Enquirer: 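Before I ask anything, here is the structure I am working with.
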Amino acid sequence: MSKFPKIERAVIALSAVIVAVWSFRVAQSFPTNCTAPEDDSIVASSTINCADEMLKGTIITPQIRRNAIGIVPKNRDLDDVVSGTNVSLLDPIPTPTPAFSETPDANTDADETPEVPISDTEITSETPVSETTISDPDTPVETKLLESVPFDATTQRRIFEEVCGSDPEKFIMLIAVGHQETSGSFNPYALGDNGNAYGWLQTHPYWHWSRMAKYGIYSAEELYDPVKAAYVGLDYLEEIKHDRLGVTAMTADVYNVYNAGHLSTNATVISRANNVMSYYNTYMAEFIANNP
């Protein structure tokens with residue numbers, strides 16, 4: 001017989017109350033649509049384990065991990081339960097599947113093509129495209145009348161058409177004289193005779209002011225324009241031919257007068273004049289070959 005029967009009865013009664021309260025709280029903690037598993041080692045693949053519903057989304061603490069013993073199935077990881085991963089314990093662990101396979105699955109329809117990831121770069125209407133333009137095949141390409149002369153195609157064409165009236169003999173006469181006066185460089189900014197001769201035809205403004213004014217040229221520097229210089233140079237050459245020598249074609253004497261101011265017997269002037277005629281014949285042959 002215990003010396004404290006009243007105390008023992010009180011302890012027993014209190015224990016019974018604690019057990020009843022604990023049982024009630026456990027029963028309330030399970031969802032109403034499921035029951036605690038009788039065998040916590042097996043969970044049917046078609047059902048959701050009640051422990052999953054109880055612990056899903058819970059932050060795992062040491063105390064919860066200890067309390068979960070007996071609730072979470074033995075072959076189920078607590079972290080999987082909390083993360084909401086509902087995997088049948090009867091199924092093997094799945095093998096990760098690649099994003100796409102080089103060979104279609106045997107069960108895949110032959111017409112289906114595996115989905116291939118595309119680039120993250122999105123092509124929009126604002127995406128810049130190549131600025132390369134395709135020229136119109138019907139548009140004629142302007143070519144140089146004389147490939148050996150450094151003037152561009154437009155300048156050559158202007159001298160030929162605007163200044164010479166599309167007359168090949170006048171055009172080649174200017175080119176031959178310009179070759180001699182600039183030693184073949186055709187430098188439009190050439191300045192010779194101690195700074196008195198300007199441009200690729202080495203015109204002396206002192207002697208040709210009235211001729212320059214005839215074409216609206218009122219400064220020596222304007223002779224650096226090859227087209228303006230051509231107007232003045234051709235006017236002078238034509239005057240020499242018709243008015244001084246009474247000839248209609250280019251001759252060595254035409255350049256002789258152009259260079260010396262009169263028909264000179266100086267050997268150097270005569271040699272230069274002969275060179276001009278050689279250039280004239282060469283450029284004329286090129287012009288005819290390039291412009292049949």
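For the numbers below, each heavy atom of this structure counts, side chains included, while hydrogens, waters and symmetry mates do not. Just so you know, these numbers come straight off a predicted model, no measurement behind them.
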Enquirer: If I take atom NE2 from residue His208 and atom CD1 from residue Ile217, how far apart are they, to the nearest 0.5 angstrom?
Expert: 12.0 Å
Enquirer: Check whether Met277 and Val269 end up in the same hydrophobic cluster, where Ile, Leu, Val, Met, Phe, Trp and Tyr are linked by side-chain heavy atoms less than 4.5 Å apart.
Expert: no
Enquirer: Name each donor-acceptor pair under 3.5 Å that joins a side chain in residues 185-192 to protein atoms two or more places apart or in another chain, with its distance.
Expert:
residue, atom, partner, partner atom, Å
Ser185, OG, Thr182, O, 3.0
Ser185, OG, Asn187, N, 3.3
Asn187, OD1, Tyr189, N, 3.0

Enquirer: Side chains of residues 145-153: which donor-acceptor partners sit under 3.5 Å, not counting sequence neighbours?
Expert:
residue, atom, partner, partner atom, Å
Ser148, OG, Glu286, OE1, 2.5
Ser148, OG, Glu286, OE2, 3.3
Asp152, OD1, Thr154, N, 3.0
Asp152, OD1, Thr155, N, 2.7
Asp152, OD1, Thr155, OG1, 3.1
Asp152, OD2, Thr155, OG1, 3.2

Enquirer: In chain order, what residues pass the ring pair (Phe, Tyr, Trp, His ring centres under 6.0 Å) check against Phe160, with sequence neighbours excluded?
Expert: Phe171, Phe287
Enquirer: Quick one: do Arg244 and His262 satisfy side chain to side chain contact (heavy atoms under 4.5 Å, CB included)? Show the steps, please.
Expert: CA-CA 9 Å; Arg244 299 193 185 186; His262 59 278; 5.7 Å; no
Enquirer: If you look only at pairs with a residue in residues 197-225, which of them pass as a salt bridge (Lys or Arg N to Asp or Glu O under 4.0 Å), with sequence neighbours excluded?
Expert: Arg211-Asp235, Arg211-Glu239, Lys214-Asp235, Glu222-Lys228
Enquirer: Any chain of hydrophobic side-chain contacts (each under 4.5 Å) joining Trp207 to Tyr215?
Expert: no
Enquirer: For residues Leu263 and Leu237: do they belong to one hydrophobic cluster (side chain heavy atoms under 4.5 Å, members Ile, Leu, Val, Met, Phe, Trp, Tyr)?
Expert: yes
Enquirer: Tell me every residue that passes side chain to side chain contact (heavy atoms under 4.5 Å, CB included) with Glu238, counting only those two or more places apart in sequence or in another chain.
Expert: Lys170, Met173, Leu234, Lys241, His242
Enquirer: Using the rule that Ile, Leu, Val, Met, Phe, Trp and Tyr join whenever any side-chain heavy atoms are under 4.5 Å apart, tell me whether Ile240 and Val177 fall into a single cluster.
Expert: yes
Enquirer: May I ask you to test the Met250-Val276 pair for a side-chain heavy-atom distance under 4.5 Å?
Expert: yes
Enquirer: Flag the pair Tyr258 / Leu201 as yes when at least one side-chain heavy-atom distance between them is below 4.5 Å, and no otherwise.
Expert: yes
Enquirer: Hey, are the side chains of Tyr231 and Val163 touching, using non-hydrogen atoms and a 4.5 Å cut-off?
Expert: yes
Enquirer: What's the separation between atom CG in Leu223 and atom NE2 in His204, rounded to the nearest 0.5 Å?
Expert: 11.0 Å
Enquirer: Please enumerate all residues that pass ring pair (Phe, Tyr, Trp, His ring centres under 6.0 Å) together with Tyr279, with sequence neighbours excluded.
Expert: His179
Enquirer: Does Asn196 reach the side chain of Tyr206, with side-chain heavy atoms less than 4.5 Å apart?
Expert: no
Enquirer: Keeping Trp200 on the side-chain end and Pro226 on the backbone end, is there a donor-acceptor pair under 3.5 Å?
Expert: yes
Enquirer: Looking only at side chains, do Gln180 and Tyr280 share a donor and an acceptor under 3.5 Å apart?
Expert: no
Enquirer: What's the separation between atom OG1 in Thr282 and atom CD1 in Ile175, rounded to the nearest 0.5 Å?
Expert: 13.0 Å
Enquirer: Nearest 0.5 angstrom please: Asn256 CG to Ser271 OG, how far?
Expert: 11.0 Å
